[in-house]
Amino acid sequence: SQKIEQNSEALNIQEGKTATLTCNYTNYSPAYLQWYRQDPGRGPVFLLLIRENEKEKRKERLKVTFDTTLKQSLFHITASQPADSATYLCAPKAAGNKLTFGGGTRVLVKP
Amino acid sequence: NAGVTQTPKFQVLKTGQSMTLQCAQDMNHEYMSWYRQDPGMGLRLIHYSVGAGITDQGEVPNGYNVSRSTTEDFPLRLLSAAPSQTSVYFCASTSAATEAFFGQGTRLTVV
């Protein structure tokens, strides 16, 4: 069956450092992969989309890579700030109409 | 634009009661989905729809019913509430290969 794995352990990181999150998927052939941010008590908010023919995508301090051979996406937050503290969810999207999410990784940036 | 609007924000039900969670979007998106999120966990897909009159089951459909009579509305019905359905429910809408927009969530407690 299809599976999406994100590190369930919280990532504690010092302000200014780079946070790196991993999203692994199995039994999927995603056409693209999305990353979302979720703050406590709120719905997820879209951050980035990367397509299968793209290796890397950047948006401000965020960078996403997509390796379809390894079936993995990496999400980087550079120069992290306390305001980046949140849970980050990945969502590989295959052909078809279902959008399913990994369990999310909580990031805590300490000043 | 309001985006995705969910009502109610909070609800307490007794076991066995039924209710409908409302979801409306004003972006003319064809795809709409319902998710539940339990503490410390990711989003699990309950039901989704690819257009008016078309619905399909997600990962955890049991105990829930949906219909899609218009593009804008996608209500979720709990047929006979159980304590296991205590959760936060999110509705989302998206167009093909684009970001999903989420509502603010409905926090449901079944006692």
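Naming: A, B, ... by sequence-line order, numbering from 1 per chain. Please read all numbers here as calculations on a predicted model, not as lab measurements.
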The interface call for B/Q37 against chain A, heavy-atom contacts under 4.5 Å, is side chain
Checklist entry - Counting only heavy atoms not in B/R77, do more than 12 fall under 6.0 Å of its CZ? => result yes
Given A/S8, A/G41, A/P44, A/G43, the one with more heavy-atom pairs under 4.5 angstrom with chain B than any other is A/P44
Take a 6.0 Å sphere around CD of A/Q14 and say whether it holds more than 12 heavy atoms from other residues, nucleotides or ligands.
yes
Within a 6.0 Å radius of atom CZ on B/R44, are there more than 12 heavy atoms belonging to other residues, nucleotides or ligands? yes
The interface call for A/R51 against chain B, heavy-atom contacts under 4.5 Å, is side chain
Exercise. Counting only heavy atoms not in A/R106, do more than 12 sit closer than 6.0 Å to its CZ atom?
Worked result: no
Cut-off 4.5 Å, heavy atoms of chain B, and the answer for A/Q6 is neither
Is B/Q104 atom CD crowded by more than 12 heavy atoms from other residues, nucleotides or ligands, each under 6.0 Å away?
no
Is there a donor-acceptor pair under 3.5 Å between the side chain of B/Y31 and the backbone N or O of A/K98? no
Item to check | A/F46 with A/Y88, same ILVMFWY side-chain cluster at under 4.5 Å | outcome: no
*Aromatic ring proximity, centroids under 6.0 angstrom, B/Y35 and A/F101*: yes
Requested in this report: Could you state whether A/V64 and A/V45 fall into the same hydrophobic cluster, counting links through intermediate Ile, Leu, Val, Met, Phe, Trp or Tyr residues with side-chain heavy atoms under 4.5 angstrom apart?
Outcome: no
Turns out that what part of B/L45 lies under 4.5 Å from chain A's heavy atoms comes down to side chain
Closest non-hydrogen contact found for A/Q34 with B/T98 is NE2-O, 3.1 Å
The interface call for B/E59 against chain A, heavy-atom contacts under 4.5 Å, is side chain
